[in-house]
Amino acid sequence: MNWFLLWLFLHILAAVIAFGPIFVFPIIGTLVAQSPQNMRFAVELNHRIESRLVLPLAVTMLVSGSGLIWTSGINFFQTAFLIVGVALYLLALAIAFAILLPTTQRLLQISEHAPAPTPGGGGPPPQVMALVRRNQMFGGFTTILFVVIIFLMIIQPGGIALR
């Protein structure tokens, strides 16, 4: 069995399943802005995707990435693109667990107890909008981090090509 290919398969599979949905979150947000009566559903959907799919699979990537490094014989500490990629990955995970997940949980609590919006009524309360903007800002930042990580892992600037 080729362990490198197994780790590579697991790593790429986890990346696709974990991070693909994060590109859908802004679309869901746009739909909620157009129909605020669906906020509760949208927040619940985002929370479940985040807590049951994105974050658990993102954490497994540390194991599969380590397996890739180990089976390829790369000296991690002499490979700048890996060091930067892992640092960005850890930063993204820290933001996700320390900021995004608690903010989404707070939005979920608020939406569970909020009265249903009335047609033609005002928008969401300022507290909700502040939390939404916080998630948009940090969510967008983590998305950029993941795009940079993907770039680093594919292009391997200054690194070795595993061909």
Side-chain angles (χ1 to χ4, degrees), residues 6-69 76 81-155:
L6 175 65
W7 287 119
L8 182 62
F9 170 76
L10 292 174
H11 197 66
I12 292 172
L13 182 66
V16 168
I17 295 171
F19 304 124
I22 67 173
F23 293 95
V24 176
F25 290 165
I27 296 169
I28 295 170
T30 301
L31 289 172
V32 169
Q34 295 169 356
S35 55
Q37 69 274 15
N38 296 317
M39 183 181 87
R40 170 78 174 93
F41 173 77
V43 171
E44 178 70 28
L45 177 64
N46 282 0
H47 177 67
R48 286 190 184 208
I49 291 170
E50 180 182 51
S51 63
R52 296 183 183 179
L53 188 69
V54 174
L55 293 177
L57 284 170
V59 170
T60 69
M61 293 186 69
L62 185 60
V63 174
S64 59
S66 298
L68 276 169
I69 292 168
F76 174 79
F81 78 92
L82 282 176
I83 294 169
V84 172
V86 170
L88 295 177
Y89 163 81
L90 293 173
L91 174 62
L93 277 184
I95 291 169
F97 280 106
I99 298 170
L100 294 172
L101 187 59
T103 302
T104 305
Q105 288 172 331
R106 183 69 185 125
L107 275 169
L108 189 59
Q109 291 169 347
I110 291 170
S111 68
E112 285 174 345
H113 300 95
T118 57
Q127 177 188 20
V128 169
M129 289 313 298
L131 292 171
V132 167
R133 281 190 296 277
R134 179 181 172 99
N135 259 3
Q136 287 173 330
M137 182 177 64
F138 285 102
F141 182 66
T142 57
T143 300
I144 291 168
L145 288 176
F146 288 122
V147 170
V148 170
I149 292 167
I150 291 167
F151 173 83
L152 290 172
M153 296 303 114
I154 292 172
I155 304 300

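Side-chain atoms are counted along with the backbone in the values below, which use heavy atoms only and exclude waters and symmetry mates.
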Distance (rounded to the nearest 0.5 Å) between [X] [atom1] and [Y] [atom2]:
{"X": "I149", "Y": "L88", "atom1": "CD1", "atom2": "CG", "answer": "5.0 Å"}
{"X": "N46", "Y": "L107", "atom1": "CG", "atom2": "CG", "answer": "9.5 Å"}
{"X": "L57", "Y": "R52", "atom1": "CG", "atom2": "CZ", "answer": "13.5 Å"}
{"X": "L108", "Y": "H113", "atom1": "CG", "atom2": "NE2", "answer": "9.5 Å"}

Could you tell me which residues satisfy side-chain contact (heavy atoms from CB on, under 4.5 Å) with [X], sequence neighbours excluded, listed by chain and number?
{"X": "Q127", "result": "R106, I110"}
{"X": "I49", "result": "P21, F25, L45, L53, V54"}
{"X": "F97", "result": "L55, V59, L93, L101"}
{"X": "L6", "result": "M1, W3, L10"}

Under the salt bridge (charged side-chain N to carboxylate O under 4.0 Å, His left out) definition, can you give me all pairs with a residue in [range], not counting sequence neighbours?
{"range": "residues 13-41", "result": "R40-E44, R40-E112"}
{"range": "residues 14-35", "result": "none"}
{"range": "residues 136-151", "result": "none"}

Side chains of residues 130-142: which donor-acceptor partners sit under 3.5 Å, not counting sequence neighbours?
from, atom 1, to, atom 2, distance (Å)
R134, NE, T103, OG1, 3.1
N135, ND2, T104, OG1, 2.9
T142, OG1, F138, O, 3.3
T142, OG1, G139, O, 2.9

Which residue pairs satisfy the side chain to side chain donor-acceptor pair (under 3.5 Å) criterion with at least one member in [range], sequence neighbours excluded?
{"range": "residues 14-25", "value": "none"}
{"range": "residues 88-100", "value": "none"}
{"range": "residues 25-36", "value": "S35-N38"}
{"range": "residues 57-67", "value": "H11-S64"}

Show the nearest heavy-atom pair for residues [X] and [Y], with the distance to one decimal.
{"X": "P56", "Y": "E50", "answer": "CD-O, 4.0 Å"}
{"X": "A58", "Y": "A18", "answer": "N-CB, 4.0 Å"}
{"X": "M153", "Y": "G85", "answer": "CE-CA, 4.0 Å"}

message = Is it the case that atom CZ in F76 sees more than 12 heavy atoms from other parts of the structure closer than 6.0 Å?
response =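 Yes.
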task = Answer yes or no: are there more than 12 heavy-atom neighbours, outside F9 itself, under 6.0 Å from its atom CZ?
result =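 Counting neighbours around CZ of F9, 12 or fewer heavy atoms of other residues, nucleotides or ligands fall under 6.0 Å, so no.
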ask   = Are side-chain heavy atoms of V147 and F23 found at a separation under 4.5 Å?
value =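 Yes - at least one pair of side-chain heavy atoms lies under 4.5 Å apart.
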